[in-house]
Amino acid sequence: MNSFTYHIPTEIVFGKDSESQCASLICKYGGSRVLLVYGGGSAARSGLLDRLTGQMEAAGLACETLGGVHPNPYLDFAREGVKKALDFGADFILAAGGGSVIDTCKAIAVGAASPDTDIWKFWTREETVTKTLPVGVVLTISASGSEMSDSGVLTNLEKGEKKGLNTPFFRPVFSVLNPELTYTLPSYQVACGVVDIMMHTMDRYFNPDTANQLTDEIAEALLRTVIHNGAIAVKNSHDYNAMSELMWCGSLSHNGLTGLGGQKDFSTHQLGHELSARFDVAHGASLSAVWGSWARFVYKTDVNRFARFAANVWGLRGSSEESAAIAGIHATEEYFSSIGMPTNFSTLGIGIQEDEVLRALALGCTYQKTRKVGVFKVLDEPELYEIYKAANN
Ligand code: NZQ
Ligand code: ZN
């Protein structure tokens with residue numbers, strides 16, 4: 001095991017009706033003026049928004065709302081949110097939604113705490129985050145893991161870039177997880193979440209540090225749990241047990257637990273972010289569309305690792321390690337297809353792309369040739385191009 005520090009300060013309140021504790025949690029973490037942020041309308045339609053604002057009022061908390069966060073959330077919207085938080089004098093930012101809303105809240109919170117800095121400078125690493133307002137979460141979709149993660153992802157439309165930033169200041173102070181709040185999700189979004197949860201785990205599992213028995217076994221158990229319950233949830237989003245398992249898997253998949261003691265690869269995430277930035281496709285779908293192409297490109301780096309994945313996640317053994325590895329990749333893609341997720345550009349809905357687009361995507365992954373991607377197999381621009389090319393059918 002490599003050395004690590006593990007500190008997850010997020011208080012989790014899990015279960016039916018847990019959102020009714022929101023106001024008291026906000027008070028506990030020192031909030032009195034709350035900016036409540038939500039997305040394109042699902043939180044309003046489900047009645048969640050009214051319940052939350054009613055609760056704030058009853059608790060004597062001042063509350064302003066800010067709706068309209070777009071999936072793959074926009075930098076400009078977060079900038080507007082910073083302004084609104086400052087004008088209102090917010091001392092607490094509450095997210096009611098999924099990764100896009102939560103990440104917008106994280107951006108607003110660090111922006112409002114450092115009003116003289118344009119927030120994008122944190123994402124370009126020109127500035128370092130040193131403080132934040134507290135962020136609380138009422139989660140409505142199991143997917144991003146942002147409710148416990150140290151990460152925030154924004155899309156800069158002007159530059160055509162989608163970038164992540166990691167800082168301990170991004171961990172929410174609390175997250176309320178009520179699986180019933182995910183009942184209204186369309187099947188497609190449930191499936192996108194299943195892929196994302198799997199991929200947070202797999203982007204850690206496939207790494208060069210293989211002496212991590214406990215971490216690996218946690219990752220395999222999480223994957224088996226998501227795969228089993230994901231198949232149920234896409235058919236019936238009102239299955240409390242399946243939606244519960246997905247919700248807790250989502251949080252654990254990206255709070256660091258499934259990769260402790262190892263390095264993070266995250267090539268698939270980077271390949272997907274470029275697709276979302278250019279084509280505005282859902283995050284989970286962007287990942288399943290390229291994973292198989294990535295896996296076939298890299299598996300020879302450590303065939304044993306892929307054979308272990310096939311055996312312990314899919315229960316597959318082959319006549320050789322190589323055949324087992326291939327069978328595991330195939331099973332993963334079959335599963336994606338079975339839950340309605342894409343495995344290439346056509347099924348992603350973006351069609352076959354010109355060669356110059358593939359090259360631009362690969363260049364974007366390397367932040368214009370300023371870095372390489374991944375650790376399982378370190379990938380440079382020409383290799384990333386080959387992976388996109390393999391998915392371009
Ligand atoms: O906007 P509304 O109307 O709420 O609709 C949303 C949106 O259209 C809908 N939705 C959410 N909860 C719902 C619901 N519809 C009906 N009922 C509900 N209960 O679902 C759609 C997708 O929402 P979004 O928040 O975009 O989904 P997700 O949670 O997958 O978040 C994706 C974003 O998170 C980033 C992704 O890159 C993407 O930008 N990620 C953030 C991470 C982090 N901060 O740690 C890690 C992830 O790897 C990921 O990169
Ligand atoms: Zn993700």
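Values below: all heavy atoms of this structure, side chains included; hydrogens, waters and symmetry mates excluded. Read the numbers this way: they start at 1 and go in the same order the structure lists the ligands and their atoms.
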Between Phe88 and Lys83, is there a cation-pi geometry (under 6.0 Å to ring centre, at most 45° from the normal)?
no

Are there protein heavy-atom neighbours of atom 35 (C) of ligand 1 below 4.0 Å?
yes

Closest non-hydrogen contact found for Tyr188 with Gly340 is CE1-O, 4.3 Å

Is the closest protein non-hydrogen atom to atom 16 (C) of ligand 1 under 4.0 Å?
yes

Considering non-hydrogen atoms of the protein only, which is the closest contact for atom 12 (N) of ligand 1, and what is the distance?
Thr140 OG1, 2.8 Å

Tell me which protein heavy atom sits closest to atom 41 (C) of ligand 1, plus the residue, atom name and distance to 0.1 Å.
Asp103 OD2, 3.1 Å

Has Asn207 got a side-chain atom pairing as donor or acceptor with Lys264's backbone, closer than 3.5 angstrom?
no

Distance check below 2.8 Å: does His254 bring an N, O or S atom to the Zn ion (ligand 2)?
no

Element-labelled atoms of ligand 1 that are located less than 4.0 Å from some non-hydrogen atom of His200
46 (C), 47 (C), 48 (O)

Closest non-hydrogen protein atom to atom 25 (O) of ligand 1, residue and atom name please, with distance?
Ser100 N, 3.0 Å

For ligand 1, find out whether one of its N or O atoms is nearer than 3.5 Å to an N or O atom of Gly41.
yes

Test your reading of the structure: does Arg45 have an N or O sitting under 3.5 Å from an N or O of ligand 1?
no

For residues 230-237, run the donor-acceptor check on the side chains, cut-off 3.5 Å, and write out each pair with its distance to 0.1 Å, sequence neighbours left out.
| from | atom 1 | to | atom 2 | distance (Å) |
| --- | --- | --- | --- | --- |
| Asn236 | OD1 | His238 | N | 2.9 |
| Ser237 | OG | Tyr183 | O | 2.7 |

Under 4.0 Å from one or more heavy atoms of Lys162, ligand 1 contributes atoms 36 (C), 37 (O), 38 (C), 39 (O)

Counting backbone and side-chain atoms alike, is an N, O or S atom of Asp196 positioned under 2.8 Å from the Zn ion (ligand 2)?
yes

Ligand 1 atoms in contact with Gly39 (distance to a heavy atom under 4.0 Å)
1 (O)

Identify the closest protein heavy atom to atom 22 (C) of ligand 1: which residue and atom is it, and at what distance?
Gln189 OE1, 3.5 Å

Quick check on side-chain contact (heavy atoms from CB on, under 4.5 Å): which of Lys372, Glu161, Gln270 does Tyr367 satisfy it with?
Gln270

Name all residues meeting the ring pair (Phe, Tyr, Trp, His ring centres under 6.0 Å) criterion together with Phe306; count only those two or more places apart in sequence or in a different chain, and write none if there are none.
Phe206, Phe376

